[in-house]
Amino acid sequence: MAAQITRTLAISFVFCCTVFGGLHAQTKATPAFWITETLEVFDQAALLTAIKAVPPTLQPFGGHYIALGGNIAAGEGSPPRRITIIAFDSLEKAQQWFNSRATIAARTEAQKYAKIRSYFVEGVAK
């Protein structure tokens, strides 16, 4: 009888740990990234001045740079002139940042001096 109770408790414990572990994993946010590719630059000096407005817009949304310019090595196809990757805790935070007034102003100014393509991508949950 004692062995059966011990076995039942052990099975219940394992079951609860599995269920609660799965629930905990489901609550972890999936990170998201905003990627910009600068395809063509019309005025390099003006573009560099315009993008200085971006860093202060990131903090309220928890964004931080993963890549900012830097050397680009071609893989398949032609690489862009410049690439920027900004990480956020979630796609929702990234889109809130993207749609904020300050970010729209910075993006609009930068687009005067370069042809830019941008998009979001969700990462892998940690």
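Because the structure is a prediction, the values reported are computed rather than measured. Side chains are part of it too, since the values below use all heavy atoms of this structure and drop only hydrogens, waters and symmetry mates.
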Fill in the blank from the handout: Between Pro60 and Pro56, the two heavy atoms sitting closest are CD-O, 3.8 Å
Can you give each donor-acceptor pair under 3.5 Å made by side-chain atoms of residues 41-52, sequence neighbours left out, with the distance rounded to 0.1 Å?
residue: Asp43; atom: OD1; partner: Ala45; partner atom: N; Å: 3.4
residue: Asp43; atom: OD1; partner: Ala46; partner atom: N; Å: 3.1
residue: Thr49; atom: OG1; partner: Ala45; partner atom: O; Å: 3.1

Practice task
Mind checking side chain to side chain donor-acceptor pair (under 3.5 Å) for Thr57 and listing every partner two or more places apart, or none if nothing turns up?
Solution key: Trp97
Problem - Fellow cluster residues of Val124, listed by chain then number, with links counted only when side-chain atoms sit under 4.5 Å apart - result: none
Handout entry: Aromatic plane relationship, Phe120 with Trp34 - under 30° parallel, 30 to 60° tilted, over 60° perpendicular
Key = tilted
Exercise for the section: Check the hydrophobic clustering (I, L, V, M, F, W, Y; side-chain heavy atoms under 4.5 Å; chains of links allowed) and say if Ile66 and Val54 are grouped together. Expected result: no
Problem - Arg82 side chain to Thr36 backbone, donor-acceptor under 3.5 Å - result: no
Exercise for the section: Consider only side-chain heavy atoms of I, L, V, M, F, W and Y, link residues closer than 4.5 Å, and tell whether Phe98 and Tyr119 are in one cluster. Expected result: no
Practice task
Could you tell me the separation between the CD atom of Gln111 and the OG atom of Ser118, rounded to the nearest 0.5 Å?
Solution key: 7.5 Å
Fill in the blank from the handout: Rounding to 0.5 Å, atoms OG1 (Thr38) and CD1 (Ile116) come to a distance of 4.5 Å
Fill in the blank from the handout: Contacts of Pro79 meeting side-chain contact (heavy atoms from CB on, under 4.5 Å) (sequence neighbours excluded), chain-then-number -> Ile72, Ala74
Handout entry: Pairwise salt bridge (charged side-chain N to carboxylate O under 4.0 Å, His left out) hits with a residue in residues 113-125, at least two apart
Key = Glu37-Arg117
For residues 84-94, tabulate all N or O donor-acceptor pairs below 3.5 Å that involve a side-chain atom, not counting sequence neighbours.
residue: Ser90; atom: OG; partner: Lys93; partner atom: N; Å: 3.1
residue: Glu92; atom: OE2; partner: Gln96; partner atom: NE2; Å: 3.4

Handout entry: Hydrophobic cluster partners of Leu39 (side-chain heavy atoms under 4.5 Å)
Key = none
Problem - Ile35 vs Val121 side-chain heavy atoms within contact, under 4.5 Å - result: yes
Practice task
With sequence neighbours excluded, give me every side-chain hydrogen bond (donor to acceptor under 3.5 Å, both in side chains) pair touching residues 71-80.
Solution key: none
